[in-house]
There are 2 protein chains.
Amino acid sequence: MEMQNAKGTRDIEPENMIVKNKIIEVLRKVFERYGYNPLDTPILERYDVLASKYAGGSEILKETFRLKDQGDRDLALRYDLTVPLARYVAMNPAMKMPFKRYQIGEVFRDGPIKTGRYRQFMQCDADIVGSKDIAMEAEQMKIADTVFQELGFSATIKFNNRKILDEIMEKSGIPENLRIESMLALDKLEKIGTKKVIQELTGKGVNAKSIETLMRLMERETDNNTTLERLKENLGETQGIVEVEELLRLLELYEVPAEFQPSLARGLAYYTGTVFEFYIDDSEITNSAGAGGRYDNMIGDFVGNKQGYPAVGVSFGVDVLLEAYKEKHAVKKKSVVQALIIPLNTYEESVRAMTELREQGLNTDLSQKKGVSKGLEYASAYGIPYAIIIGEDEVKQGKYTLRDMETGQEELLAIDRIAEKIISTK
Amino acid sequence: MEMQNAKGTRDIEPENMIVKNKIIEVLRKVFERYGYNPLDTPILERYDVLASKYAGGSEILKETFRLKDQGDRDLALRYDLTVPLARYVAMNPAMKMPFKRYQIGEVFRDGPIKTGRYRQFMQCDADIVGSKDIAMEAEQMKIADTVFQELGFSATIKFNNRKILDEIMEKSGIPENLRIESMLALDKLEKIGTKKVIQELTGKGVNAKSIETLMRLMERETDNNTTLERLKENLGETQGIVEVEELLRLLELYEVPAEFQPSLARGLAYYTGTVFEFYIDDSEITNSAGAGGRYDNMIGDFVGNKQGYPAVGVSFGVDVLLEAYKEKHAVKKKSVVQALIIPLNTYEESVRAMTELREQGLNTDLSQKKGVSKGLEYASAYGIPYAIIIGEDEVKQGKYTLRDMETGQEELLAIDRIAEKIISTK
């Protein structure tokens with residue numbers, strides 16, 4: 001038998017998990033600060049729920065892992081956290097609206113493997129159900145802004161409105177049956193460039209005049225207001241224009257820097273209004289770090305009350321945040337351990353010192369290697385910042401040798417002072 | 001289509017998730033304080049890895065969810081976190097030993113459904129690989145003691161040693177082919193009582209004289225040392241006796257209260273030395289809250305170096321801890337939100353107040369209901385402790401009405417004072 005991971009999955013070793021846990025903690029705290037409550041739904045779902053025509057659509061179903069239980073029931077691994085939310089809402093009709101929940105969990109897609117794309121990955125979603133208030137979009141973009149700030153890197157928040165996109169296509173004379181495909185082509189504008197998008201649109205049967213109008217209307221001007229004004233001149237006071245105007249006002253009130261980008265589409269079919277997407281600034285990473293938008297019909301369709309469950313959701317990709325964090329911060333912590341105690345014929349005393357440091361909340365461990373040099377080698381292999389050497393002389397003095405593993409500097413200190421010192425450099 | 005959970009799975013609503021997140025945070029912090037590093041392995045594993053003869057055994061394989069990917073590869077959902085750890089160690093031969101890791105994650109078993117037993121549940125494990133030191137058992141029992149203390153309830157830590165159990169059976173004249181079954185019967189001693197265990201042993205073909213000796217030797221005396229002394233008189237200076245003696249000395253040094261219980265077996269076949277189990281005191285909950293022990297061969301068998309990977313692991317069941325927490329603490333927090341702002345024609349001012357509170361780290365939300373009474377109703381439905389009513393008069397004064405939702409008391413305060421007050425009652 002070969003020892004291998006299942007294809008498209010990977011282990012996340014301590015070095016990365018330490019950062020990942022930090023990112024998850026930031027996301028949780030920010031979601032809660034904005035009034036979202038934790039909810040957990042299972043990884044295993046009934047296949048018929050995930051395959052509902054109101055759910056992810058046929059594309060995503062092709063990538064859904066299916067299985068059966070011993071009772072021969074059709075099950076599947078969830079491919080996102082939104083469809084399970086819709087099921088949860090449908091099963092809890094007495095729920096007080098609006099309902100704000102966040103969920104952090106693994107999702108599964110049996111798709112082709114590319115760099116940075118896995119068959120199991122973590123999503124972090126915050127959704128509000130039961131609110132038509134466009135301020136919710138502003139709030140979720142503010143959440144993104146806060147998350148990036150707390151993680152210590154800057155990102156650009158881009159947004160658009162599906163209605164605007166539709167109105168632009170209408171205005172450009174693109175027939176309805178070509179709009180979804182045209183939208184998906186336009187979504188790639190910034191990735192593949194104008195020329196290739198035009199080629200793709202032509203290939204799909206959009207005529208040259210339509211393409212020309214479309215490309216002109218899609219362009220972003222120097223700022224949000226100018227972009228909006230130009231579109232307004234072309235489209236008039238449409239529903240899309242009214243919504244973007246309202247959102248721009250709210251973004252100012254919520255103090256969110258964001259860019260109105262009329263070509264932004266977002267892949268998923270169920271969005272009905274605002275869509276947004278986040279990109280890390282000055283980064284090698286070109287994938288979005290998160291995205292979301294308003295989807296006013298999907299949950300209602302599930303519940304069987306189409307108008308009743310307007311919703312807005314934001315989703316962060318932990319993998320991208322992890323890569324960005326490592327790119328922006330020169331951190332490579334291989335261990336959470338802050339101090340390794342090295343006993344030299346002082347086992348009992350050393351255990352007591354360790355207990356004391358642990359009780360003070362310090363992550364402490366005891367070397368199981370023989371002698372100082374092997375102990376130091378272990379501390380060094382795991383990047384533990386301090387070693388505490390406890391020999392018989394030290395025990396007599398009531399002071400231990402604290403060694404800074406980076407500088408090699410050593411000091412003889414009482415255990416309280418050692419604790420203080422380590423805490424202060426935490 | 002019926003909106004249902006997959007059989008044997010359930011949603012965990014905010015009220016329970018708030019507690020569950022707290023428990024997970026305690027576990028994580030304690031694991032890290034004791035020098036364990038976070039590792040993550042995927043939920044999807046190759047079926048041949050999980051089905052290895054060195055892994056969970058045929059019983060657990062019957063309960064393993066199997067599935068295939070699009071490439072027709074045999075996959076399975078992990079049924080524990082220990083076998084994936086063994087695979088990880090096998091795949092990383094350069095790893096510096098001892099290696100201490102913890103993992104918190106969902107596991108899956110397609111077994112019969114009973115109360116409190118689900119097909120997807122969360123395990124929280126800490127394991128050390130590459131150490132024969134019996135102090136590791138003491139450390140993991142100390143971890144349990146610390147976890148229970150930090151969660152605010154008391155529990156009893158029971159332990160035994162597989163070698164002692166084997167030596168007792170040897171001494172009682174139980175033939176080797178009946179020992180595993182006898183061990184499993186004895187494990188139920190405290191659950192089903194002496195009489196039923198004797199019946200079960202008789203049914204399995206153990207003779208009356210053997211049963212009598214066995215039951216006598218199994219008994220726990222008033223304290224650990226008396227129990228050990230009596231066993232020593234009967235068994236002599238065996239390996240099991242030597243190990244328990246050593247562990248008792250270490251438990252004292254590590255300051256862990258624990259009960260030596262010679263009948264304790266623990267179901268899993270792979271344990272080789274110390275085994276331990278934790279039970280919540282004065283509780284309706286009879287399931288163990290966690291358990292573990294030494295398994296010196298399992299990982300080595302996986303790696304193909306039987307002696308090279310001695311290991312000790314402890315595992316906590318979050319569901320039991322969650323039930324115990326709710327039983328011991330009269331907490332029913334339906335929301336993390338600390339304050340709900342109710343605007344009365346003061347939308348912009350209210351958003352600014354909310355932003356300020358959020359920036360101070362307070363979980364704050366804005367009512368989307370019309371008027372004070374509907375806003376208060378919403379706060380009350382979600383158990384939000386404070387409402388902040390912001391009317392036009394209040395805006396003029398620069399002070400807002402802070403309402404304590406439990407007492408109904410109201411105070412007119414500046415936003416800074418409101419923040420202080422809420423933080424102080426956090």
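None of these values were measured; they are calculated from a predicted model. Just so we're on the same page: letters track the sequence lines, and every chain starts at 1.
In this structure, A/Lys7 does not pair ionically with B/Asp69, as no charged nitrogen and carboxylate oxygen lie closer than 4.0 Å.
In this structure the side chain of A/Glu32 never reaches within 4.5 angstrom of the side chain of B/Val337, judged on heavy atoms. In this structure, B/Gln120 and A/Ile43 have side chains that are in contact, with non-hydrogen atoms separated by less than 4.5 Å. Within the 4.5 Å cutoff, the side chain of A/Leu44 has heavy atoms near those of the B/Leu77 side chain. At a threshold of 4.5 Å between non-hydrogen side-chain atoms, the residues A/Ile128 and B/Gln368 count as touching. Under the 4.5 Å side-chain criterion, counting only non-hydrogen atoms from C-beta, A/Lys142 is not in contact with B/Arg358. Side-chain atoms of A/Lys96 and B/Glu377, non-hydrogen and from C-beta on, do get closer than 4.5 Å to each other. Counting heavy atoms from C-beta outward, B/Leu75 and A/Phe65 have side chains that approach closer than 4.5 Å. Inter-residue side-chain proximity for B/Leu67 and A/Arg66 is flagged as unmet; no heavy-atom pair is nearer than 4.5 Å.
Here B/Asp110 is the residue among B/Thr146, B/Asp110, B/Asp365 with the most heavy-atom pairs under 4.5 Å with chain A.
Only the side chain of B/Lys369 comes within contact range of chain A, with at least one heavy atom under 4.5 Å from a heavy atom of that chain. In this structure, no portion of B/Met122 lies under 4.5 Å from any heavy atom of chain A.
B/Lys132 is linked by a side chain to side chain donor-acceptor pair (under 3.5 Å) to nothing, counting only residues two or more places apart in sequence or in another chain.
Shown are B/Glu13, B/Arg10, B/Met17; of these, the side chain to side chain contact (heavy atoms under 4.5 Å, CB included) with A/Asp40 is made only by B/Met17.
When atom types are taken as modelled, the side chain of B/Gln70 and the backbone of A/Lys62 share a donor-acceptor pair closer than 3.5 angstrom.
Across all their heavy atoms, B/Asn5 and A/Arg46 have their closest contact at O-CD, 3.8 Å.
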When the side chains of residues 22-30 of chain A are checked against the rest of the protein, which donor-acceptor pairs come out under 3.5 Å, sequence neighbours left out?
{"from": "A/Glu25", "atom 1": "OE2", "to": "A/Lys29", "atom 2": "NZ", "distance (Å)": "3.2"}
{"from": "A/Arg28", "atom 1": "NE", "to": "A/Tyr102", "atom 2": "OH", "distance (Å)": "3.4"}

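To the nearest 0.5 Å, the span separating OH on A/Tyr36 from OG on B/Ser335 amounts to 12.5 Å.
For the residue pair A/Asp11 / B/Thr41, no side-chain donor-acceptor distance below 3.5 Å is found, with atom types taken as modelled.
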